[in-house]
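This report concerns only the one structure given below.
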Amino acid sequence: MTAAVRFRDLTLGYDRHPAVHHLSGAVADGALLALVGPNGAGKTTLLKGIVGLLSPLSGAIDRNPSAREVAYLPQIAEIDRSFPITVYDLVAMGLWRRAGAVGRIGKSERELVERALATVGLEGFEDRAIGTLSGGQMQRALFARLLLQDAKLILLDEPFASLDAGTVADLLELIRRWHAERRTVVAVLHDYDLVRDRFPEALLLARSPVAWGPTAEVLRPENLLRARRMCEAFDTHAAVCDENAA
Amino acid sequence: MLTRRLLLAAVLAVAATPAAAQAKLPIVATFSILGDFVKNVGGDRVALVTLVGPDGDAHVYSATPSDAKHVTDARIVFTNGLGFEGWMERLIRASGTKASIVVTTRGVRTRKMAGEPGHGHNEIDPHAWQSVANAKIYVANVLEALVKADPEGKSEYEANARVYLGKLDALEKDIKEAVARIPPARRKVITSHDAFGYFEGAYGIDFIAPQGVSTENDASAKDVARIIRQIKAQKIPAVFLENVSDPRLVRRIADETGARIGGTLFSDALSGVQGPAATYLDMMRHNLRQFAEALMS
Amino acid sequence: MYDLLFAPFAEFEFMRRAIVGMLALSLGAAPIGVFLMLRRMSLTGDAMQHAILPGAALGFLVAGFNLFAMTIGGIIAGCAVAIGAGVVARTTELKEDASLAAFYLVSLALGVLIVSLRGSNVDLLHILFGSVLALDDATLILISAFATVTLAALAVAWRPLVLECVDPNFLRSVSRAGAPVHIGFLALVVLNLVGGFHALGTLLAVGIMMLPAVAARFWATDLTRMVVIAVVVAFASGFGGLLLSYHLAAPSGPAIILVAGLIYLISLAFGPVGGLRRRFAPGRHLEA
């Protein structure tokens, strides 16, 4: 079984304070993995590390898919909503891999965009300015973009925050489709019921890994408790970490 | 008896010697061109102080306390008159000088100003020196004043004046010849200097004021259009527009009208010693050269 | 009507050159201005006229009152400041505006120092800045060339540039074009500004870059349309301003900018996108 991503004693952090502390393991190719843990557990940090936005403080990440084959949906998309482009323009950016910086976006591409928008329930929204979208609509549009990216590894950071149930259901359907297409999906989630329901595999992180495996095992109450305790240990006066003690 | 007379004679002789070896005649001239005339006539017998030095602007000069002192100590103060040194009257009064004030333009046949901003219509043009004939009158007045104040130097002054007048004559001849060589239809220039009225009257070159474009940084299209029309209509061959601050604009005007751009002109003051117009003769010759170069085809 | 609008251009070559110069400036600077405005970098033009001083001063030290040397020096200094600021903004916490402010202030101080070394109290920048009424062949060719380069570069880099403005993280994740496009854009800004200063003076160069862009904001929701409107507004300002300068003897640069300003005010008041009239008197609402 090939790994999409392998962590080798990985420590990621900011300003020498570890946010992810000595993580080892592998995300299998085609996995559908939920990344869970209390606030401040390092989940966003881990995703950023996989994408390549952060360099490890120690250890390494081996990522199989190349940069172009990774799609990343950040927690707070730093998109300039006031920029005067349409939903079509925004979603069409997902075709970058096909069209590049100057390639033609012609009729067949246009159809792809329209189909993606329809899939996420935004048909007819092509010519709307992105500034006119609600939070949920923007999230759908970003999912449409993800669709077009046709990526092998998809990383989602709290994709369902503040979305209504209908939207969540639709987007979950998409994720299921991706999993069926053998794409690797890693999603940071807070709703444990949803995780138990839809995600076969989970990684419980509290800076250091607490549990990693089938969801039912990982989400046992004792693990959750332990995770919560570990998370609250940020120390401004921490000593330098001795690896063997971890 | 004889001894007492001898003694008296000796005392008188001793008393007279300092008088004979007396310091030079202290003179003040208001500005550089005038100072040049005075220097040429007075020679070594005068100690000359010029108030407005080379490249200075006598129209807007502010006198300093040391100026006042020089004026107080002077025996003669030479002025241009004709309204050129508006500040002079106050300075003379403030200094309380006993010097004789000589207006060197006495006897000059005056002209009216062409009507420039700052000088207005119907004012008398003070730049009389621009005609060499007038310069000779200046020199005559200077000579007369010097002789009156210092009779002993009469022969020296007269000799100096004679030599200088000869040079002025040669200058006048040169100017007339040079102008004659310029085709009559081309004897006009545009210049923002308003000081060449007497030159125009004496030698026949038309000095035309530019309509509009002046020292402002940001000209308007209307100004530029007006001056181009003017140059084209009057077929003016050369423009002397050094005080327009944008040389590219001058070049554009020249390109569009076919006019030549002339060099720097000196009208109200001499240049520094290193410059091309350090004396009156140099100044006139330099200006003449600029005109000739610009106006000859 | 002909006399009012077209006769001045028919009669005078300097007017024809002026309008051609305005066309070139509009085509080059206005699109750049739209992007600057959207990236919240609207004051860059002002900062840049100070930032170019050390370059111009060095050019002056080397070659005297040689416009060419001083302009080249200005471009190099401007690029150094713009690109330096851009790189710092990309690699540290500092945002673009703070980064640029720091760089241009240091640059200005350096320039003043260099000028003072020469001893004379020469107002260098004054000489560096031209006038729209005084465009000779070389200058016209220069700004036309800059406009052409700008348009070509924008055409090629349109998509990455837009993405860089809207969602830079996404761009970073799909392409490495982000940094070169960002830096290239800043270089284009400098080129248009310094070329504009050289040909037309600072007020005109910066004003035509920013005012039409700001006015266009009130007329368009789509970027392409916004750019087109900005170009049209810029050219119209040039046309109107030159006529004002011709018929009413107004100084040329300020006249053009005032026309642009007037268009801006009208846009602010009546523009369909976010204009004041819509805000205070929205009219009846729509069905959906």
Side-chain angles (χ1 to χ4, degrees), chain B residues 54-57 115-117 190 192 209-264 271-272 274-276, chain C residues 7-19 21-22 65-68 71 122-123 125-140 142 197-204 207 238-259:
Chain B
D55 289 323
D57 187 350
E116 272 302 310
I190 280 198
S192 346
Q211 285 171 353
V213 173
S214 66
T215 59
E216 277 138 41
N217 305 331
D218 223 342
S220 76
K222 189 168 192 167
D223 294 335
V224 177
R226 252 202 298 222
I227 193 176
I228 289 179
R229 263 203 213 106
Q230 178 191 30
I231 295 177
K232 280 188 176 169
Q234 300 183 37
K235 299 205 191 17
I236 302 172
V239 294
F240 289 84
L241 289 173
E242 319 120 84
N243 46 344
V244 172
S245 58
D246 187 354
R248 285 191 260 184
L249 188 55
V250 178
R251 207 167 312 142
R252 179 95 298 277
I253 294 173
D255 281 346
E256 194 155 335
T257 57
R260 280 260 202 85
I261 303 179
T264 323
S271 75
Q274 309 280 28
Chain C
F9 298 101
E11 185 181 345
F12 290 102
E13 189 180 339
F14 79 90
M15 290 293 280
R16 288 194 289 276
R17 284 165 178 261
I19 200 72
M22 286 311 305
F65 281 113
N66 181 336
L67 268 182
F68 183 69
T71 303
V122 151
D123 187 1
L125 293 185
H126 208 77
I127 293 139
L128 202 52
F129 302 148
S131 158
V132 70
L133 301 175
L135 294 173
D136 57 17
D137 288 343
T139 310
L140 270 180
L142 182 81
F197 296 161
H198 172 96
L200 304 151
T202 51
L203 178 61
L204 208 43
F239 185 69
L242 282 172
L243 285 176
L244 262 185
S245 185
Y246 183 85
H247 290 296
L248 298 180
S252 51
I256 294 175
I257 296 307
L258 283 175
V259 172

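What you see is a predicted model, and the numbers here were worked out from it, not measured in a lab.
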Is a side-chain N or O of [X] found less than 3.5 angstrom from the main chain of [Y], in a donor-acceptor match?
X       : Y       : answer
K222(B) : L248(C) : no
S245(C) : A221(B) : yes
E256(B) : E13(C)  : yes

Any chance you could measure [X], atom [atom1], to [Y], atom [atom2], to the nearest 0.5 Å?
X       : Y       : atom1 : atom2 : result
R226(B) : Y246(C) : CZ    : OH    : 10.5 Å
F12(C)  : I228(B) : CZ    : CD1   : 6.0 Å
L249(B) : D136(C) : CG    : CG    : 11.5 Å

Under 4.5 Å to a heavy atom of chain B? For L133(C) that would be both
What part of L135(C) lies closer than 4.5 angstrom to a heavy atom of chain B: side chain, backbone, both or neither?
backbone
Could you go through the side-chain contact (heavy atoms from CB on, under 4.5 Å) check for M15(C) and V224(B) one step at a time?
CA-CA 10 Å; M15(C) 290 293 280; V224(B) 177; over 6 Å; no
A250(C) versus S220(B), closest heavy-atom pair with distance:
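Minimum heavy-atom contact is O-CB, 2.8 Å.
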So which atom in R248(B) and which in T139(C) form the shortest heavy-atom distance, rounded to 0.1 Å?
NH1-OG1, 4.2 Å
For the NZ atom on K235(B), are there more than 12 heavy atoms of other groups (residues, nucleotides or ligands in this structure) within a distance under 6.0 Å?
no
